[in-house]
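Along the sequence shown, residues are numbered consecutively beginning with 1.
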Amino acid sequence: MRKFSNSISFFSLLIRRKPNPSSSTFLFKSHSSFNHASPFLTRPNKFLATPFQYINTLVQNPPQIPSRQRKIIEKSQLEEAFESAETTEEMLNAFKHMEGVFDERELGLASLKIGLKIDQEGDDPEKALFFANRALKGLDRDNKPFLPVAMALQLLGSVNYGLKRFSDSLGYLNKANRVLGRLQDEGVSVDDVRPVLHAVQLELANVKTAMGRREEALENLKKCLEIKEMTFEEDGVELGKGNRDLAEAYVAVLNFKEAMPFCLKALEIHQKRLGQNSVEVAHDRKLLGIVYSGLEEHEKALEQNLLAQRILKNWNLNSDLLRAEIDAANMMIALGRYDEAVGTLKNVVQQTDKESETRALVLVSMAKALCNQEKYADCKRCLEISLGILDKREQISPVEVSEAYSEISMQYETMSEFETAISLLKRTLALLEKLPQEQHSEGSVSARIGWLLLLTGKVQQAIPYLESAAERLKESFGPKHFGVGYIYNNLGAAYLELDRPQSAAQMFAVAKDIMDVSLGPHHVDTIEACQNLSKAYGEMKSYVLAAEFQQQVIDAWESHGASAEEELREARRLLEQLKRKARDAAANESPMRALPLPHTPAASRSSQPEISLHQSIKD
């Protein structure tokens, strides 16, 4: 695996977490919260007569009882008819009869149940939105925390998410979260609140992921797992899935170390509950293989992949099996087992349709193996066929196609065909810009374009791509992610190339701060950022500062022992050079520069124009 600036290819390992069809399913199936809210939200009584028996009886044989009591009976019977309705159509018919009898607050509860049902079915989001809005309007009247209000807000969040109105969805879900917090503070039973809270947290994770805010989504997924741990039995299957969801989310932000324990826990639970040969265990092992690949433990990755393949083959899950075989070939390539990888891929390609995406992916992997063997003509043939297939799939599968384009560009980059690589990456970027949930991929592709432009001497063109990449990845992964550090390091290099050492020093300083946190001060890339910072200060003739950072470089290399002797010698040589320059600069200073300045009256000082921070750092 290569890193951006030699690690950017790590971004190809990104796994998009596929959100649940509707997190309200968890909510809808959980009756404890419904039962205390209103009879409208209770489980239908299986022993009731058909839904409209009561309505028909009421109309055909009106009882001879006082008007007020008759209305009470009428409401009760309409309520029972609504509760016994099983289909959406039956619920809507019952609701029409209720509209002339019940007040808006009571209708709000019925609207909520209808909205949840429609959202769960997923056929008519606009109708679900109508009932969700009506529910909230009827229920949220006195600004007091009320569980059905939180449920209505969660439903609005779910429906707006489905309609890709992510900002609206986030607003409703955050409000639902606040209402639930107030309910907990007021001592409402946790058994009532938990199912709704879980639905809200899961939907928040989905929305933030869709908005590219994956680091924040992780926090919501952690809360989901905590709720499941309090709700389900220890080591239950639901906890296995919750742990795997969290592991996948960590992989999506390239935090493989954090992903590992959750992935192992999911595997342990599923093995215990479902057996060694269950499909869930296969999915866990496949994910564990990706985690090991991310940690560059490719032998272990391949071992897990082969175990997963064995299970998938037993269950005749051919599509999943083909993907696993492609993954295995890529692991073989990472291990340098190129002939073996090509053999595997030749077997897989025979099982694919001529114009399928799977065939295109097989050819891309085959090209990678051939490229590593320096069989460039064969490599290019594979890539050209793959591009011909992918070109027709751009509108159908933009995410998968963009990933493939990005991988193909790496092969052209390896063959030093940089213009072709840049062209493909720009094509990738055009696809990703239309997909807000792919903001993280957009950032990584922008970073690669910027780096390649920098590599080919187009420094001025590189800067906007690198700046855009930094912003996208900060929003997706947080400001201290190592990928953001690499981008700032490249920005520093660009500014240094443009003879703007002050701007360069700022970028290198940010890169070093990020890498100190994300990689550690002794990581080779952190040392490089520190070395660059020293160089930038040297270019500014700030030799004392440059020497301080150069000393940090030496200290870091010393921790590597004998393996870094050459780097350590070079770092010490540069330090001596900086010390000489500092002595020469001090000797050449005018004696007048060392004299104290005369006292300046306050009035005189205040008459001087202020220099803004922007001006003080301007090159």
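By the side-chain hydrogen bond (donor to acceptor under 3.5 Å, both in side chains) test, Ser534 pairs with Gln550, sequence neighbours left out.
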Which donor-acceptor pairs under 3.5 Å do the side chains of residues 283-292 make with protein atoms, sequence neighbours left out?
from: Asp284; atom 1: OD1; to: Arg244; atom 2: NH1; distance (Å): 2.8
from: Asp284; atom 1: OD2; to: His270; atom 2: ND1; distance (Å): 2.6
from: Arg285; atom 1: NH1; to: Gln304; atom 2: OE1; distance (Å): 2.8

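In summary, Glu471 and Lys474 engage in a salt bridge, as defined by a charged side-chain N under 4.0 Å from a carboxylate O. Between Lys208 and Glu219, no side-chain nitrogen of the basic residue sits less than 4.0 Å from a carboxylate oxygen of the acidic one, so the salt-bridge criterion is not met.
For the salt bridge (charged side-chain N to carboxylate O under 4.0 Å, His left out) condition, the pairs that include at least one residue of residues 381-390, sequence neighbours left out, are Asp378-Arg381. Within the structure, ring-ring contact (aromatic ring centres under 6.0 Å, His included) contacts touching residues 531-552 (residues at least two apart or in different chains) are Tyr537-Phe549. For residues 254-269, the side-chain hydrogen bond (donor to acceptor under 3.5 Å, both in side chains) pairs, not counting sequence neighbours, are Asp235-Lys265. The ring-ring contact (aromatic ring centres under 6.0 Å, His included) contacts involving residues 560-581 comprise Trp557-His560, where partners must be two or more places apart or lie in separate chains.
At a cut-off of 3.5 Å, with distance as the only test, no side-chain donor of Gln552 or Glu548 sits close to an acceptor on the other residue. In the model, Arg472 has no side-chain atom that pairs as donor or acceptor with a side-chain atom of Ser446 under 3.5 Å. With no hydrogens or angles considered, no side-chain donor-acceptor pair links Glu325 and Thr344 at under 3.5 Å.
The only option from Val364, Val348, Thr352, Val349 that meets the side chain to side chain contact (heavy atoms under 4.5 Å, CB included) definition with Ile326 turns out to be Val348. If you run side chain to side chain donor-acceptor pair (under 3.5 Å) between Arg214 and each of Gln439, His440, Gln437, only His440 comes through.
A distance of 4.0 Å separates CG of Leu429 from CD of Glu433, quoted to the nearest 0.5 Å. Distance check, rounded to the nearest 0.5 Å: CD of Gln309 to CG of Leu322 gives 9.5 Å. The OG1 atom of Thr209 sits 10.0 Å away from atom CD of Glu216, with the distance rounded to the nearest 0.5 Å.
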* Begin from the C-alpha positions of Lys300 and Glu303 and carry the test salt bridge (Lys or Arg N to Asp or Glu O under 4.0 Å) through to its verdict. => CA-CA 5 Å; Lys300 290 182 179 179; Glu303 179 187 350; over 6 Å; no
